[in-house]
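Nothing here was measured: the structure is a model prediction, and the numbers come from that model. Counting begins at 1 with the first residue of the sequence.
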Amino acid sequence: MREDVESLDISDVTANWVNARILERQIGERIKALADLSDTPLFFGRLDYLHAPGADRAEGAEGEKFYIGRRHVHDGDGDPMVIDWRAPVSQPFYRASKKDPMDVGLRRRFGYTRGQITAYEDEHLSDPTEAAATSKLLQQEIERPRVGPMRDIVATIQPEQDEIVRSGLGGTVCVQGGPGTGKTAVGLHRVAYLLYAHRERLARTGTLVIGPNRSFLHYIEQVLPALGELTVRQGTVDDLVAHVEVRGADDAAAALVKGDARMARVLRRAVYAQVRMPAEPVVVVRGSRRWRVPAYELEEMVRELLGRDIRYGAAREALPQRIAHAVLVQMERSGEAPDDRVQDAVARNSAVKAAVKEVWPAVDPAKLVLRLLTDPEFLAEHAEGVLSELEQKTILAVKPARSVKAARWSAADAVLIDEARDLVERTHSLGHVVLDEAQDLSPMQYRAVGRRCTTGSATVLGDLAQGTTPWATRSWEEALGHLGKADAVVEELTAGFRVPTDVIVYASRLLPHIAPGLAPVASVRENPGFFDVREVADTADVVAACEELLRNEGSTGLIAADARIPALAEALAAAGVPCLAPGEETTAEARLTLVPASLAKGLEYDYVVLDEPQAVVDGEPDERTGLRRLYVTLTRAVSGLLVTHTAPLPRQLT
């Protein structure tokens with residue numbers, strides 16, 4: 001299939017060089033999409049239907065056999081050989097069971113090693129004499145060592161995951177899932193499914209995956225291309241609101257107030273307070289005639305525009321046309337016959353421009369936010385009844401900047417500017433947005449993301465127990481309200497596929513303290529995994545623990561409080577143990593990644609050494625946030641966890 005595309009000759013089918021360039025680009029993208037994966041076969045399953053799908057079963061139509069794979073594959077004549085996992089005919093591969101065989105006589109799973117088929121396993125779903133059994137190949141695939149970036153899960157999607165993956169484009173879905181439940185994979189595969197089912201629509205409107213940081217995005221960036229989807233953009237919330245250079249940082253108290261949804265009311269007041277009611281009439285001179293629009297009529301126009309609740313900038317552009325229309329009405333009454341060109345000319349008249357500038361001045365969002373954060377009187381005027389005096393004082397800059405460029409903007413400030421920009425000019429909306437690790441977003445950040453999908457849908461992924469910011473989400477209902485998707489469906493995943501049983505049971509000791517009432521994850525892995533808690537003397541013992549785990553197959557992560565990373569890096573270097581930074585791909589020579597606790601979220605390693613749990617807790621502003629951070633770091637292991645500590649363990653773990 002790839003060679004057919006590579007051999008296409010477009011020299012006689014393009015009318016001009018522009019068409020040729022566009023077609024060349026499309027062909028190049030098609031070739032990339034058809035790239036082989038060296039460690040992955042073309043298919044991983046087979047379905048034998050009792051009857052031909054869609055045929056009248058009463059006529060006794062013979063069944064058909066379909067191979068299921070990551071991509072659609074056809075032969076030289078165009079006949080399908082492998083069916084895309086997203087096609088409707090593939091759905092029973094994930095959902096059929098002994099209780100509901102979905103007209104499937106046989107489901108076959110293939111096992112493979114380095115891209116070569118090495119085993120297969122059959123389930124006769126419609127045979128009442130065959131008992132239901134756990135798939136050994138499925139279990140092996142789930143427990144396969146993690147080396148390199150995140151991979152797709154098309155061979156192991158579970159029924160409850162498949163329902164979320166195949167949910168429609170029109171609705172927003174929120175997935176609450178504990179560590180290792182596959183929520184990130186489900187979100188990415190839902191994007192792949194939606195692109196398959198609604199390709200033309202999403203090609204026009206666009207799709208976006210939002211992650212918590214660059215390391216996380218680098219870790220997941222190969223999943224969608226492996227499924228043939230190359231057009232999905234990826235970024236962080238900070239990327240979305242990068243209207244100014246972020247060079248400063250807020251303390252927790254200031255960030256909490258700036259991230260509060262009430263700031264949206266303060267900003268709206270500040271923006272629309274720039275409008276002034278006209279005190280003078282507008283006099284337009286054309287030739288020997290003078291046309292006068294009285295102040296009371298101008299005020300009616302301004303109040304009407306304010307009452308329509310349209311964007312500040314759109315109203316400002318509409319006002320000169322309203323004034324010009326009033327002038328044209330007078331012209332027509334006097335016997336003239338003006339047309340649209342005359343109205344446009346009047347709207348551009350210097351007197352009209354001057355009146356609009358006076359009544360509805362242009363607003364620079366960054367300058368407005370800077371004034372709010374540096375001018376106590378201006379902030380007090382627009383925050384009255386919304387923010388307390390203490391809250392106002394908390395967000396005021398200690399050293400006011402003289403200009404937008406000189407200001408040391410924080411990440412929270414950039415979100416405020418984004419809100420102000422949207423009040424002035426509507427933000428472009430995409431067709432679908434995936435928001436991962438959503439529990440860490442502030443209400444104002446949710447609003448920023450929501451603006452990117454006002455006319456589209458979203459997939460929201462997160463775990464309330466893993467919220468590690470002072471403003472972490474308290475409930476999904478509240479978060480979805482800030483996102484503008486209050487009618488979203490909330491689904492919960494509780495089956496754990498990644499974290500071994502012994503590890504998740506240990507980590508779940510923290511749940512009553514960090515997320516009371518949240519259901520603990522139940523690991524479905526048959527292998528209980530390696531788990532040990534070990535008291536050590538110094539960093540040399542921690543390095544020795546890493547070397548011990550590196551004797552196993554797969555990747556190893558050394559996770560520690562951010563403040564301890566330099567000392568551990570020095571100890572590893574002294575011992576001659578090479579290590580990588582989060583997001584860097586493992587190699588045969590370097591399989592150890594040194595991970596600051598603040599960057600561990602969303603990452604996974606076959607084996608993890610967690611250094612000094614109490615230091616992880618102490619590294620956060622408060623104990624609850626620290627315990628949540630600890631919960632995250634405890635649940636990054638796929639095959640085994642070794643906890644090392646010199647100081648006493650947090651009492652919540654004992």
Side-chain angles (χ1 to χ4, degrees), residues 143-150 179 213-216 218-219 498-500 502-503 506-507 527-620 626 629-650 653:
E143 297 184 10
R144 186 154 58 101
R146 264 66 168 169
V147 177
M150 183 179 179
N213 52 57
R214 286 283 158 202
S215 297
F216 178 84
H218 183 69
Y219 177 62
R498 171 169 56 78
V499 186
D502 290 353
V503 175
Y506 184 73
N527 181 358
F530 168 78
F531 173 67
D532 191 18
V533 178
R534 190 177 298 172
E535 188 170 356
V536 297
D538 51 30
T539 54
D541 290 340
V542 178
V543 172
C546 293
E547 292 175 320
E548 177 185 332
L549 294 186
L550 282 168
R551 299 189 190 106
N552 300 303
E553 182 184 2
S555 59
T556 298
L558 170 55
I559 305 177
D562 292 29
R564 288 182 58 80
I565 293 296
L568 290 170
E570 185 177 337
L572 289 168
V577 179
C579 66
L580 306 167
E584 292 184 340
E585 193 164 341
T586 55
T587 64
E589 294 76 27
R591 291 185 293 116
L592 176 68
T593 303
L594 181 57
V595 187
S598 62
L599 297 181
K601 192 170 296 180
L603 304 180
E604 59 182 29
Y605 303 94
D606 281 293
Y607 291 88
V608 166
V609 175
L610 174 58
D611 169 68
E612 213 60 76
Q614 188 60 55
V616 174
V617 176
D618 294 341
E620 300 298 328
R629 182 75 72 188
L630 179 58
Y631 182 71
V632 171
T633 59
L634 283 168
T635 54
R636 300 303 96 201
V638 174
S639 299
L641 171 68
L642 176 54
V643 178
T644 59
H645 68 100
T646 303
L649 292 170
L653 283 177

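Contact detail for Val616 and Arg629: the closest heavy-atom pair is CG1-CG, 3.7 Å. Nearest heavy-atom pair, Gly640 versus Pro500, reported as atom, atom and distance to 0.1 Å: N-CG, 4.4 Å. In terms of heavy atoms, Lys601 sits closest to Phe216 at O-CD1, 3.9 Å. Between Tyr605 and Val608, the shortest heavy-atom distance links the atoms CB-CG2, 4.0 Å. Contact record, Ala575 with Val543: CB-CG1, 3.7 Å, taken as the closest heavy-atom pair. The two residues Ala597 and Thr633 have their closest heavy-atom pair at CB-CG2, 3.9 Å.
Between Leu550 and Tyr607, every side-chain heavy-atom pair lies at or beyond the 4.5 Å cut-off. Here the side chains of Leu634 and Leu653 are in contact, with some heavy-atom distance below 4.5 Å. Between Pro578 and Glu589, every side-chain heavy-atom pair lies at or beyond the 4.5 Å cut-off. Side-chain contact between Pro179 and Arg636: present, with at least one pair of heavy atoms (C-beta onward) separated by less than 4.5 Å. The closest side-chain heavy-atom distance from Leu630 to Pro650 is below 4.5 Å.
Under the rule for a side chain to side chain donor-acceptor pair (under 3.5 Å), Asn552 has no partner lying at least two apart in sequence or in another chain.
A side-chain contact (heavy atoms from CB on, under 4.5 Å) with Cys579 is found for one member of Val595, Thr593, Leu572, Leu558 and no other, namely Leu572. For the pairing with Thr556, the side-chain contact (heavy atoms from CB on, under 4.5 Å) check across Thr586, Asp606, Leu549, Leu642 returns one residue only, Leu549.
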Would Val609 and Glu548 count as a side chain to side chain contact (heavy atoms under 4.5 Å, CB included) if you check the C-alpha gap in whole Å, the side-chain angles of each, and the deciding distance to 0.1 Å? CA-CA 10 Å; Val609 175; Glu548 177 185 332; over 6 Å; no
Give the intermediate values and the outcome of side chain to side chain contact (heavy atoms under 4.5 Å, CB included) for residues Thr644 and Asp541. CA-CA 8 Å; Thr644 59; Asp541 290 340; over 6 Å; no
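Annotation: the span from Cys546 atom SG to Leu568 atom CG amounts to 8.0 Å, rounded to 0.5 Å. To the nearest 0.5 Å, atoms CG (Leu580) and CG (Leu592) are separated by 7.5 Å.
Between the side chain of Thr587 and the backbone N or O of Ala590 there is at least one donor-acceptor pair closer than 3.5 Å. The backbone N or O of Thr646 lies less than 3.5 Å from a partner atom in the side chain of Glu612, making a donor-acceptor pair.
In Glu570, the CD atom is not crowded: 12 or fewer heavy atoms of neighbouring residues, nucleotides or ligands sit closer than 6.0 Å.
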